[in-house]
Amino acid sequence: MTTYPATGRLSAPAENPLLIKNIRLYGEGEPTNVLVRGGVIDSIGPEVQADGAAETIEGGGNVLLPGLVDMHVHLREPGREDTETIESGSKAAAKGGFTAVFTMANTTPVTDQPIIAESVWAKSQALGLCDVHPVGSITKGLEGKSLTEFGMMARSDAKVRMFSDDGKCVQNPQLMRRALEYAKGMDVLLAQHAEDDRMTGGSSAHEGENAARLGLRGWPRVAEESIVARDALLARDYGNRVHICHASTQGTVELLQWAKEHDIPLTAEVTPHHLLMTDDKLRTYDGLFRVNPPLREQRDTQALRQALLDGTIDCVATDHAPHGSEDKCVEFENARPGMLGLESSLAVIAKLFVETGLADWRFIARVMSERPAEITRLPGHGRPLEVGEPANLTIVDPQHHWVSDSAHLASKSQNNPYAGEEFGARVTHTILRGSVTFDLNAATHD
Ligand code: DOR
Ligand code: ZN
């Protein structure tokens with residue numbers, strides 16, 4: 001098997017040492033100090049001090065986590081820089097605690113060639129705010145007809161490690177089979193947007209009581225589940241891994257359970273919005289709540305939460321999907337699907353799992369950093385908080401009350417479904433290779 005070098009050239013680590021004082025690793029035990037030097041964790045302990053020149057963060061007993069990793073965002077560059085750019089998306093990512101994100105291929109032009117992927121990666125490294133890994137498309141132009149050159153993109157300076165037609169599903173099973181066989185040869189990940197579009201044409205909401213009452217055409221669960229089942233079987237028979245994007249139904253959870261019981265290499269992510277909200281939100285006909293796959297019912301949110309807790313679903317990914325008001329503040333059926341997520345996801349997940357006592361900060365580290373880094377085979381991120389490890393870190397204040405406000409976002413777009421929602425935890429600092437990429441105290445937006 002050919003394996004390609006793990007990462008393209010990275011932005012340089014910080015030159016000056018950084019001392020983080022009074023911090024609780026994974027929110028556990030007594031506060032301690034962490035010294036970062038040369039982009040790696042140099043020493044940890046209550047006696048560790050700065051050597052004069054170091055920048056200092058007063059941790060105030062807050063929680064230190066490995067830098068968050070989001071394997072599913074849309075940063076809209078190239079093509080829709082009016083709604084998000086690598087720069088604005090990186091700022092939103094850093095503000096949300098992310099040190100690495102994967103940006104989907106449904107750009108204009110589509111990321112189906114090395115040169116597009118390389119330009120995304122190079123811009124992100126010049127900015128040094130967040131490692132933005134381009135995802136390559138599985139099919140040329142996202143047309144579902146012929147495969148792209150995975151090898152050329154994997155070998156390019158961008159070192160593309162994930163391929164997806166996200167926004168669209170690879171409908172043709174034979175093409176998906178060929179993609180799996182091709183991907184296997186170079187150990188890259190295929191991520192599937194599971195939607196049989198023969199069942200979802202013209203639909204804008206979950207098929208159920210709310211859609212019926214509101215007069216909206218429904219997107220049935222089976223359109224997702226039938227593709228998840230098909231791809232599980234393809235992964236079984238052609239021996240390569242498949243990752244399911246934005247799992248949204250109880251039936252998908254059952255299929256993932258079945259796949260895991262049979263040692264099929266199928267992984268899955270869930271979004272904060274599918275965990276938190278149901279299609280009850282549609283009652284106001286507000287296009288903000290149109291998303292693909294759609295918000296579903298309570299039995300789905302319950303099954304998704306349980307699946308994330310027990311590991312059936314591997315990780316959280318935001319599907320951060322910026323859209324301008326001209327595409328959102330319109331009739332529900334004409335609104336483009338998608339919601340912002342980068343700046344609020346940690347707070348949403350903490351609210352659902354930590355503040356309820358269902359899980360601890362180790363769990364957050366697992367589902368928002370370690371697992372996504374493992375699934376994407378991303379070196380340097382999602383690593384243990386130990387001496388010698390890269391200093392990609394996130395600090396969270398677990399008792400910071402705040403209210404989400406769409407007028408104060410780092411993102412260029414405002415399609416924030418959490419406006420007015422109260423949260424109890426907040427990212428205070430993000431650190432990439434020893435450089436502070438976000439500091440709440442210095443932030444101009446709240
Ligand atoms: O809601 C969504 N928005 N789902 C997708 O799959 C694509 C995304 C987008 O690009 O806006
Ligand atoms: Zn998608």
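Because the structure is predicted, anything quoted here is derived from the model rather than measured. Counting starts at 1 for both ligands and their atoms, in listed order.
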- Item | Within 6.0 Å of CZ in Arg336, more than 12 heavy atoms from elsewhere | no
- Message: On a heavy-atom basis, which atom in Gln192 and which in Val242 lie closest, and how many Å separate them?
- Response: CB-CG1, 4.3 Å
- To which protein heavy atom is atom 10 (O) of ligand 1 closest, and what is the distance rounded to 0.1 Å? Asn106 ND2, 2.9 Å
- Taking only heavy atoms of His193, which atoms of ligand 1 are found under 4.0 Å from at least one of them? 6 (O)
- Taking side-chain hydrogen bond (donor to acceptor under 3.5 Å, both in side chains) as the test, write out the residues that go with Ser406, two or more places apart. Asn416
Donor-acceptor contacts, no H, no angles, side chain residues 344-355, under 3.5 Å, sequence neighbours left out:
unit_1	atom_1	unit_2	atom_2	d
Ser344	OG	Gly341	O	3.4
Lys351	NZ	Glu421	OE2	3.2
Lys351	NZ	Glu422	O	2.7

- Should His323 be listed as contacting ligand 1, given a heavy-atom distance under 4.0 Å as the test? yes
- Query: Would Trp361 and Tyr26 count as a ring-ring contact (aromatic ring centres under 6.0 Å, His included) if you check the C-alpha gap in whole Å, the side-chain angles of each, and the deciding distance to 0.1 Å?
  - Reply: CA-CA 5 Å; Trp361 291 102; Tyr26 305 99; over 10 Å; no
- Six-ring centre of Trp219, Arg296 cation under 6.0 angstrom, axis tolerance 45°: yes
- Message: Applying ring pair (Phe, Tyr, Trp, His ring centres under 6.0 Å), can you list everything that pairs with His246, at least two apart in sequence or on another chain?
- Response: His72, His193
- Message: Is it true that, when you exclude Glu389 itself, more than 12 heavy atoms of the residues, nucleotides or ligands shown sit nearer than 6.0 Å to its CD?
- Response: yes
- Item | Atoms in ligand 1 flagged as close to Val291, the criterion being non-hydrogen separation under 4.0 Å | 1 (O)
- Among all protein heavy atoms, pick the one closest to atom 8 (C) of ligand 1 and tell me residue, atom and distance. His74 NE2, 3.7 Å
- Within the structure, does Pro337 bring an N/O atom to less than 3.5 angstrom of an N/O atom in ligand 1? yes
- Item | Closest protein heavy atom (residue, atom, distance) for atom 4 (N) of ligand 1 | Asn292 O, 2.8 Å
- More than 12 heavy atoms of other residues, nucleotides or ligands under 6.0 Å from CZ of Arg383: is that the case? no
- Task: Please confirm whether Pro293 comes within less than 3.5 Å of ligand 1 when only nitrogen or oxygen atoms on both sides are compared.
- Result: no
- Atoms of the protein (N/O/S only) found under 2.8 Å from the Zn ion (ligand 2): Asp166 OD1, His193 ND1, His246 NE2
- Message: Looking at Glu209, I want to see if its CD is surrounded by more than 12 non-hydrogen atoms of other residues, nucleotides or ligands under 6.0 Å.
- Response: no
- Message: Looking at non-hydrogen atoms alone, which of His273, Arg76, Arg290, Met104 comes nearest to atom 11 (O) of ligand 1?
- Response: Arg76
